[in-house]
K.L.:
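The structure that follows is given in the form of structure tokens.
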There are 2 protein chains.
Amino acid sequence: MSKSNNVYKDAYNRCLRLLDETRSLPSEPELGTLLGVSRTTVRTILARMEETGLIAWNKRAKTVLREPRPDDFFPEEETDTLAEIIERSFMRRLLAGGAEAGMQINELELAREIGVGTTSVREFLIRFSRFGLIEKRRNSHWVLKGFTRAFALELTEIREMFELRSAAAFAALPQDSAVWADLDRLEDEHRLLASEIATRFNEFSELDERFHRLIHRASHNRFIVDFYDVIAMIFHYHYQWNKAQERERNEVAIGEHLAYIEGLKSRDLGKVDAACRKHLKSARQTLLTSIPESRPPQKS
Amino acid sequence: MSKSNNVYKDAYNRCLRLLDETRSLPSEPELGTLLGVSRTTVRTILARMEETGLIAWNKRAKTVLREPRPDDFFPEEETDTLAEIIERSFMRRLLAGGAEAGMQINELELAREIGVGTTSVREFLIRFSRFGLIEKRRNSHWVLKGFTRAFALELTEIREMFELRSAAAFAALPQDSAVWADLDRLEDEHRLLASEIATRFNEFSELDERFHRLIHRASHNRFIVDFYDVIAMIFHYHYQWNKAQERERNEVAIGEHLAYIEGLKSRDLGKVDAACRKHLKSARQTLLTSIPESRPPQKS
DNA sequence: AAACTGTTTTTTCACGATAAAAGACATTAT
DNA sequence: ATAATGTCTTTTATCGTGAAAAAACAGTTT
């Protein structure tokens, strides 16, 4: 089967949404940058849109003929990257219990189970290894280290170190830096979300990530910025998995963020430090309580 | 060609060295753990040793018949992992100038040039990406970020953060911890090397790594321990590349290490901090001076 | 001439296949 | 009964291959 055309399908779907807004589409290169794909893919999209009667396409003229219908879209699941598919499957197994620390991971078995080639699984595991949850035995299998309490503590230790430093760097940024406007915008979003928390509490996770990434970027250190990928990944699955008191937790977190933002805006390093520490402490607590207590080793 | 048998060849060579010391070899499983390979590989080794008349092999009896000659060994270059070969080639290109930041990296070209499959190159690049020197453009090529001054500063910033914390953790370890004996042993090695510095100065690099890894391990944090891989990798190639005043530099570093060790042994956090800071500062300086000044962008 | 479209080439992504190496199972020796 | 050896099976490491996607080149249009 070689390679799926999910890039095309995903871009096609996104292009359909563009159709709603205009009478005619822009030039091929412009569409390319807009959708983040190459001209080759753009042309494949246009060809299909012409075929299905969505547009009339003649050289520069790309006139919209009709509005896209729901059945014009490719199904969601066909637009995913292989890497995403593998990650989801892998994390499901990992979190759905039965994933004891020390267990070995079998590339071939994983590949068969997910229905993909071994190369993709191998590459996924290599990429995934930087999250510190698995480890490779030379010339042999991978070992699962497990989503344990120790892991959470090690992760948050680094996170706190990095974020305190980033926050301090942030507060020291000159007044004319563009980040202050970004921060204002994020503050507004926080206030809005707080006011509609009853219905939109599940949108916090995404806002949370954007907020912390903004702060980490102020460190101007690629290792700090990159490390947020680890945190984001863990929290992403953590949010999916642990829905207990989600609304309350998020409400509290929004309040902490607002205090944190206020601290940053005051540019008073003491205040920044205190607000940051407070938020990180409760974030760590949330993560820790969600970790299943490790059973003592059992004799069978 | 599928897969080279470098594991076998390397283990075979190491096994030859064992032959010097004994009249007969131990059991297959024992040899396996000794050499770090499976029994399958052990048996391949034994079969060949029998063939070349090095041993007589009959079930449990594996009697050494003669001393190994130089031509019994497989050539060094055949014992390297593909990953090592690729890394060396890649780093040579990267350091041998002409590697401007922003340049794109071509998997296929690299693979052809080194004479390996693209899969191996891909896997190497994925693994290598955590060092922060390259970055992937989605669905497209890799981009070289370059071994720049900014990189060195970001790297050392994290290093200093991590090592100060690890050193403090180290000093706080209970007296009966095994690390103190390890530290004593390392101290002895440092003193010995210092006394023979004129001839053995190039052995420092390896000692340096062992010393710092010991300290980092005291953090009990996988992210800190793993980060030392980045540092080790950079310093490894840095040492190979920049031989200017190697002897003097290493002599100074040994002195700093000894002061650092003394600080740790005193368990006085102030002393530890001071000695650690001093050493890290000069390590950073050494690294920085070795980085070629980035030319201003040239119009051709 | 600048920006677009049409066409061709190159590169990336993913697979199945195969040898090396690991691991499991059965058998034999202490 | 334990621990070795002998044999067979499974898994990992690596390649070549082909389709998807990107990129380069050439020819048109404004």
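The structure displayed is predicted, hence computed values, not measured ones. Chain letters run A, B, ... following the sequence lines, proteins first, then strands; residues in each count from 1.
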K.L.:
Between B/Phe223 and A/Phe227, what is the ring plane arrangement, given parallel below 30°, perpendicular above 60°, and tilted in between?
P.N.:
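Ring orientation of B/Phe223 relative to A/Phe227: perpendicular.
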K.L.:
Counting any heavy atom closer than 4.0 Å, what does B/Lys9 reach on the DNA or RNA strands: base, sugar-phosphate only, or nothing?
P.N.:
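Counting heavy atoms under 4.0 Å across all strands, no contact is made by B/Lys9.
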K.L.:
Name the nucleic acid region contacted by A/Ser120, choosing base, sugar-phosphate or nothing; use a 4.0 angstrom heavy-atom cut-off, strictly under.
P.N.:
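Sugar-phosphate, backbone atoms only, no base.
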K.L.:
Within this structure, what is the OH-to-P distance between A/Tyr8 and C/dA14, rounded to whole angstrom?
P.N.:
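From A/Tyr8 OH to C/dA14 P: 18 Å.
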K.L.:
For B/Lys59 and for A/Ser38, locate the closest nucleotide of DNA chain D by heavy-atom distance; then report the residue assigned to the nucleotide nearer the 5' terminus.
P.N.:
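Whichever sits nearer the 5' end wins; that is B/Lys59.
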K.L.:
What is the nucleic acid contact for A/Arg137, judged by heavy atoms within less than 4.0 Å: base, sugar-phosphate only, or nothing?
P.N.:
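Nothing, no heavy atom under 4.0 Å.
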K.L.:
Of all the nucleotides listed (D/dG16, C/dG6, D/dA21), which has the minimum atom distance to the side chain of A/Trp57?
P.N.:
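Looking only at heavy atoms from C-beta outward on A/Trp57, the closest nucleotide is C/dG6.
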K.L.:
Side chain of A/Thr40 only, please: which of C/dC4, D/dA22, C/dA17 is the nearest?
P.N.:
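Per side-chain heavy atoms of A/Thr40, the pick is D/dA22.
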K.L.:
Starting from the 5' end of DNA chain C, give me the residue, B/Arg138 or A/Gln104, whose nearest nucleotide shows up first.
P.N.:
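Comparing both residues, the 5'-ward one is B/Arg138.
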K.L.:
Under a 4.0 Å N-O cut-off, is there an ion pair linking A/Asp229 with A/Arg127?
P.N.:
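No, no charged N to carboxylate O under 4.0 Å.
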K.L.:
B/Asn6 has an atom CG; how far is it from atom C1' of D/dT14, in whole Å?
P.N.:
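My rounded result for the distance is 11 Å.
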K.L.:
Could you work out which one of D/dT30, C/dG23, D/dT14 sits closest to the side chain of A/His141?
P.N.:
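Of all the options, the side chain of A/His141 is nearest to C/dG23.
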K.L.:
On the nucleotide C/dT5, are OP1 or OP2 found under 4.0 Å from the side-chain N or O atoms that A/Asn58 carries?
P.N.:
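Answer is no, no contact under 4.0 Å.
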K.L.:
Just how far, in rounded Å, is P of C/dA29 from NZ of B/Lys62?
P.N.:
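Spelled out: NZ on B/Lys62 to P on C/dA29 is 15 Å.
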K.L.:
Ignoring backbone atoms, test whether A/Thr41 places a side-chain nitrogen or oxygen under 4.0 Å from the OP1 or OP2 oxygen of D/dA22.
P.N.:
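Indeed, a polar side-chain atom of A/Thr41 lies that close.
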K.L.:
From the set D/dT11, C/dA22, D/dA21, return the single nucleotide nearest to any side-chain atom of B/Asn139.
P.N.:
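In terms of side-chain proximity for B/Asn139, the closest of D/dT11, C/dA22, D/dA21 is D/dA21.
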K.L.:
Both B/Ala61 and A/Asn5 contact DNA chain D. Taking the nearest nucleotide for each, which residue is further toward the 5' end?
P.N.:
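Mapping each residue to its closest nucleotide by heavy atoms, the 5'-most match is B/Ala61.
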K.L.:
Between B/Asp80 and B/Arg88, is the side chain to side chain contact (heavy atoms under 4.5 Å, CB included) condition met? List the steps.
P.N.:
CA-CA 11 Å; B/Asp80 291 335; B/Arg88 251 203 310 279; 2.8 Å; yes
K.L.:
NZ of A/Lys3 versus P of C/dG16: gap in Å, rounded?
P.N.:
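After rounding, the gap between these two atoms is 16 Å.
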K.L.:
Among C/dT12, D/dT5, C/dT11, find the nucleotide with the atom closest to the side chain of B/Arg112.
P.N.:
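So the nucleotide nearest the side chain must be C/dT11.
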K.L.:
Under the criterion side chain to side chain contact (heavy atoms under 4.5 Å, CB included), I'd like the reasoning laid out for A/Ile234 against A/Tyr239: C-alpha separation, chi angles, the key distance, then a yes or no.
P.N.:
CA-CA 9 Å; A/Ile234 293 300; A/Tyr239 276 124; over 6 Å; no
K.L.:
In whole angstroms, how far is the P atom of C/dG6 from the CD atom of A/Glu50?
P.N.:
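Result: 10 Å.
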K.L.:
Nearest-Å distance, CD (A/Glu28) to C1' (D/dA23)?
P.N.:
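So the two atoms are 14 Å apart, to the nearest Å.
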K.L.:
Which nucleotide, C/dC15, D/dA13, C/dC13, lies nearest any side-chain atom of B/Lys136?
P.N.:
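Nucleotide nearest to B/Lys136's side chain: C/dC13.
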K.L.:
What is the distance from CD of B/Glu30 to P of D/dT2, rounded to the nearest Å?
P.N.:
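Spelled out: CD on B/Glu30 to P on D/dT2 is 18 Å.
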K.L.:
Identify, between A/Arg39 and A/Ser4, the residue whose nearest nucleotide on DNA chain C lies closer to the 5' end.
P.N.:
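Nearest nucleotide further toward 5': that of A/Arg39.
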K.L.:
Measure from NZ or CZ of A/Arg48 to the centre of the six-membered ring of A/Tyr12 and say whether it is under 6.0 Å with the direction within 45° of the ring axis.
P.N.:
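Output yes; distance and angle both within limits.
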K.L.:
Kindly check if the number of other-residue, nucleotide or ligand heavy atoms within 6.0 Å of CZ (A/Arg23) is above 12?
P.N.:
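Incorrect, the count does not exceed 12.
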K.L.:
To the nearest Å, give me how far apart CD (B/Glu109) and C1' (C/dT10) are.
P.N.:
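To the nearest whole Å, that distance equals 11 Å.
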K.L.:
Checking contacts here: which listed nucleotide (C/dA21, D/dA4, C/dT5) is nearest the side-chain heavy atoms of B/Ser27?
P.N.:
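It is D/dA4.
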K.L.:
Taking N and O atoms by type only, does the side chain of B/Ser140 place a donor or acceptor under 3.5 Å from a partner on the base of D/dA21?
P.N.:
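Looking at the base of D/dA21, it does not pair with any donor or acceptor on the side chain of B/Ser140 (distance under 3.5 Å).
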K.L.:
Could you work out which one of D/dA4, D/dA13, C/dT12 sits closest to the side chain of A/Arg122?
P.N.:
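Of all the options, the side chain of A/Arg122 is nearest to D/dA13.
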K.L.:
Which nucleotide wins on minimum distance to the side chain of A/Glu107, given the candidates D/dA13, D/dC15, C/dA22?
P.N.:
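So the side chain of A/Glu107 is nearest to D/dA13.
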K.L.:
Would you classify A/Ile105 as touching base, sugar-phosphate or nothing, given that sugar-phosphate means primed atoms plus P, OP1 and OP2, and contacts are heavy atoms under 4.0 Å?
P.N.:
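The residue A/Ile105 makes sugar-phosphate contact but no base contact.
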K.L.:
Which nucleotide wins on minimum distance to the side chain of B/Ser2, given the candidates C/dT18, D/dA23, D/dG16?
P.N.:
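Comparing C/dT18, D/dA23, D/dG16 against the side chain of B/Ser2, the answer is C/dT18.
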K.L.:
Give the ring-plane orientation class for B/Phe128 versus B/Phe131, where under 30° counts as parallel, over 60° as perpendicular and anything between as tilted.
P.N.:
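Plane angle over 60°, so perpendicular.
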